[in-house]
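Below: one structure in structure tokens.
Here is the naming used below: chain letters follow the sequence lines, and residue numbers restart at 1 for every chain. All heavy atoms count here, side chains included; hydrogens, waters and symmetry mates do not. It should be emphasised that the depicted structure is a prediction, and the values quoted were computed from it without experimental measurement.
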Amino acid sequence: MKRYDPQSIEPKWQRRWEETGIFTAPDKPGTKAYVLDMFPYPSGDGLHVGHPRGYIATDAYSHFKRLTGHDVLHPMGWDAFGLPAENAAIKKGVHPAENTTRNIENFRRQLKSLGFSYDWSREVNTSDPDYYRWTQWIFLELFKAGLVYRDVGQQWWCPNDKTVLANEQVIDGKCERCGAEVTKKELTQWYFKITAYADELMDALDELDWPEPIKAMQRNWIGRSEGAQVTFGSDAGDITVYTTRPDTLFGATYLVLAPEHALVGKLTTTEQATAVGKYVEQAKRASEIDRTATDRKKTGVFTGSYATNPANNERIPIWIADYVLASYGTGAIMAVPAHDSRDREFAEVFDLPVRQVVMPETGAPVDGEEPRRSIVAIVEHPKTGELLTLDWEKGGGTLFVGGGRDEGEDPEAAARREVAEESGYTNLELVARGIQAKNHYHTIAHGKARCSTAELFHFRLKDEARDEPKLEDHEQGLFTVGWMAPAEVERRMTDPMHGFAFRWFMKREAFGGEGILVNSGQYDGLTSATARERIIADLKKRKVATEQTGYKLRDWLISRQRYWGTPIPVIHCKKCGPQPVPGEDLPVELPNVEDYLPTGDGRSPLAKVESFVQTPCPKCGDAAERETDTMDTFADSNWYFLRYPSPDKKDGPFDPAALKAWMPVDVYVGGAEHAVLHLLYARFWTKALADRGHLAFREPFLSLRNQGMILADDGRKMSKSLGNVINPDEVVEGLGADTLRIFEMFIGPFDQSADWSTQGIEGSYRFLKRVWTFGQRLAEANSGHTHGSDKVSAAERDWKRVASQATKRVTESIEGFRFNTAISALMEALNGFQSLADDAGGVPATARPYFERYLVLLTPFAPHIAEELWRELGHEDSIFTQDWPTIDRAALKQETAAIVVQVNGKVRTTVTLPTEGLTEAAAVQAAQENEIVQKHLGDAKPKQVIYVPGKLLNFVV
RNA sequence: GCCGGGGUGGCGGAACUGGCAUACGCGACGGACUCAAAAUCCGUUGCCCGCAAGGGCUUGUGGGUUCGAAUCCCACCCCCGGCACCA
């Protein structure tokens, strides 16, 4: 018997497959499947074992699709331009072009050693002029569509990489690439107007088969909010604020402007000038990180001026505070401390008034419920800080003092009366009042549906003077009165209204939810939603408000002052302004220069290349200068998937027929780290190109799957500096590509991160060795047996059942991207085959058709061993010419069914009965005859018998 | 804080739509082969009580619905990821 020797069979088949070109995608597919990996940036370090996890999955998926009759486009390419490539080259002292070429060769070699079925004839490289020519072409298309513009502004600047960064590339105030703290720099830069597509980018997400976290991240990033701009009058002129909660307008007790707001100077009174000046100066100096730290205490300063609330003509103070951002909305807000947590925090610090205008409504309204007025009183102990609580015996939980309020009774008097009646305490000091809440509930005492509108009170005990409590009859013995620490109260509080009182008075939280308006004049009693509409409508009539949608999304800044990127195809003419390079002059080639180091003066190294810069204006012909900035790398990766269907197209970026044949991408696989950058930009370009008439679809990736990271065996990220990197080359040399592929699919759920395990991969190797041995034994049984007869022996039926079971489970697992369960199904099937072989005293020749079916199931994951064993079994053709086995439902049937017998829901035993003609009556009879069942049933006659056909029987006694 | 995902043996994890929890693999223990080791093969392996037969407990915690809950509902705790004074 031959030994399993992956080192010899794997390269052999890789060569054969390449020679025969069996994985080449046709130009005119039948039923197509476009299975795409996020193409890598070819780093000098090569692959570590974490990288191929996604590639292994797409490769398995591609094979599965091919074997199920699809034409598959499964391409690979290189995201070769960009900062990391350039930085690596600088560090090594090798020109980026040369370094990149070398890295690509290494990557390609590594990928090929894993036996992937890429169609290498369609390889793309973003740093190739034949490619970036079309990146420039698309830039010009967007330019023509008015989606590209230039603007001066403060830009994020990475002092280490010496280039500007997009908002998305700044993480916690640091450069995403190198981790250096970013600063701001004023520059004129190019932008893509992605905000023009904000709504579509947001709405179309609903239809995509993408992981929920990724969709959530994109929604969050776009950050759409419906609201209104409202104008407040002031001595220094109108102040417009943006709010999403116009229903809380009556609760606005002050305005806040960002320190950078244009009106700050005008609004500041002479008395406040020094304080304001100092604050504004301070805000300017504070770094962005300090300013946006949320755990920081609120700071601010009063301007001395007042504004008029257009809703109620109230005069309210105008403050300046850095918690308001100049860059969002209008740079000014109306502060509603009762209903916004940040405003409430600020109001607590500066002792500004807090006015409730929305009361929470909890519980569900019921027809015929009894309306009621009531009170809730929190009584605080002055020494211990504990709160007076009523602990209700029967499921009432812990409550504060609460009770009804008589017709015409003053709420505060009612509250004091209830405290005295229920606890006996009489000497209370009022801390706060004037807060309301509404609750629909069922009374514990009489079980009636009630709707209670409560006034909430916060008292402090003045002394311990105490009368005898005067409980009503129905309250007797139902609760105990006591003192409880606030933290304990919070944990045990179950009633929503009492909980609200606690959060409002004790935790000093704002109520940010929706509810019913109070303290809002004519709008009292309306719901938040209705009030919003009415208030806006009324203010619109008076021309002091307009509806406004806000977005967090900003336009995409694409200029980079670096060498290694796609040159921006624009010529600056003194007379004609910036002119697009005419299409026939593309590509604007990146000159091959010696000095490509970033300059740090805000200009790209290309500015030093006279021959590149000097060029005539395409419009007037006068001497002009080329744009010297290059494009952000994300521009390159924005459309590469459009190039694969027609990679050699000379007169355009893509061939419409090829796109029609292959696009959109059916399955796209990559890391979750591209949730907002690449995936959002690529969607944007697709939509923009569709609007220019170039594409017939508006979403590039119908279905997206994320692979989880593979961590080192210590649970940390693999990194060179930690010395815990596992190189796939070593694994391939030692155990083989098939073992690596099997292990990475088996290691855990595909989208979750997993720890590498040297012992774990041994298990995968052992599995393949057992497959090998089984195949060899079968080959030795040397049978001419083919499965053609209708008569299947009893033993054969078992073989068939195992194969069918595996087919079902592997098929369903692959379809659901649950590769770990696909592998375990393959392992179980092999175990099943083996025990059948043990029963038969060796691998019988009759096993052949079933094992061959099994090999096809194994092919997507371990193609080399499957192909080799296929050959060993005497086949001349490739296993890839086979059809995926169909799921044979009939063959799945067992001849006997083990029925679980429960007594009162507890499993007691199983009874085994023939499946054929199995009825409930037969099952019940068999169970009742069973000794163990009899023991547990005793003499009792079952009240009820639950029967789940063929599975379970439950006697309820 | 907000949004999203999750919590199951010693470990990675499985369990379709509520129906035998712990599949598959790793590890551990015992055995066969061997002078010995490796490799391979066979067996055991959730926890507790018990010599055993057997019994009890168990899917983060507490409660609920159900004949029956890892799965559904309510409340809470913890972990991971993203966003974060975005009004």
- Message: Base, sugar-phosphate or nothing for A/Val907? Non-hydrogen atoms, less than 4.0 Å.
- Response: sugar-phosphate
- Message: Under 4.0 Å, counting only non-hydrogen atoms across every strand here, what does A/Lys906 touch: a base, just sugar-phosphate, or nothing?
- Response: sugar-phosphate
- Message: Is A/Ser225 close enough to B/A87 that one of its side-chain N or O atoms is under 4.0 Å from OP1 or OP2 there?
- Response: yes
- Query: Base, sugar-phosphate, or nothing for A/Arg908, non-hydrogen atoms under 4.0 angstrom?
  - Reply: sugar-phosphate
- Message: What's the gap between B/C20 and B/C72 when it is taken at their P atoms, as a whole Å value?
- Response: 16 Å
- Item | Span that lies between the P atom of B/C16 and that of B/A21, in whole angstrom | 14 Å
- Query: What nucleic acid atoms does A/Arg766 come within less than 4.0 Å of, heavy atoms only: base, sugar-phosphate, or nothing?
  - Reply: sugar-phosphate
- Item | Sugar-phosphate only, base, or nothing, as touched by A/Ile333 at under 4.0 Å among non-hydrogen atoms | base
- Pair of N/O donor and acceptor under 3.5 Å linking B/G19 base with A/Gln902 side chain: yes
- Item | A/Lys951, nearest nucleotide to its side chain (from B/A21, B/G19, B/G13) | B/G19
- Counting just side-chain N and O atoms, does A/Arg770 come under 4.0 Å of either OP1 or OP2 of B/G25? yes
- Message: Within the 4.0 Å heavy-atom criterion, would you say A/Pro211 contacts the bases, only the backbone, or no part of the nucleic acid?
- Response: nothing
- Query: How many angstroms lie between atom CZ of A/Arg53 and atom CZ of A/Phe819, to the nearest 0.5 angstrom?
  - Reply: 10.0 Å
- Touch class at under 4.0 angstrom, heavy-atom based, for A/Lys215 against every strand present: nothing
- Query: Does a nitrogen or oxygen in the side chain of A/Gln752 sit under 4.0 Å from OP1 or OP2 of B/G13?
  - Reply: yes
- Task: Report which part of the nucleic acid A/Thr243 touches: base, sugar-phosphate, or nothing (heavy-atom distance under 4.0 Å, all strands).
- Result: sugar-phosphate
- Query: With sugar-phosphate meaning primed atoms plus P, OP1 and OP2, does A/Val956 contact a base, only sugar-phosphate, or nothing at under 4.0 Å between heavy atoms?
  - Reply: sugar-phosphate
- Please work out if A/Gly763 contacts a base, only the sugar-phosphate, or nothing of the nucleic acid, heavy-atom cut-off 4.0 Å. sugar-phosphate
- Base, sugar-phosphate alone, or nothing: which one does A/Asn820 contact when heavy atoms must sit under 4.0 Å apart? sugar-phosphate
- Message: Counting the atoms with a prime plus P, OP1 and OP2 as sugar-phosphate, which does A/His936 contact under 4.0 Å by heavy atoms, base, sugar-phosphate, or nothing?
- Response: sugar-phosphate
- Message: For a quick test of reading the model: is some side-chain N or O of A/Tyr242 closer than 4.0 Å to OP1 or OP2 of B/A87?
- Response: no
- Under 4.0 angstrom between A/Arg3 side-chain N/O and B/U40 OP1 or OP2: no
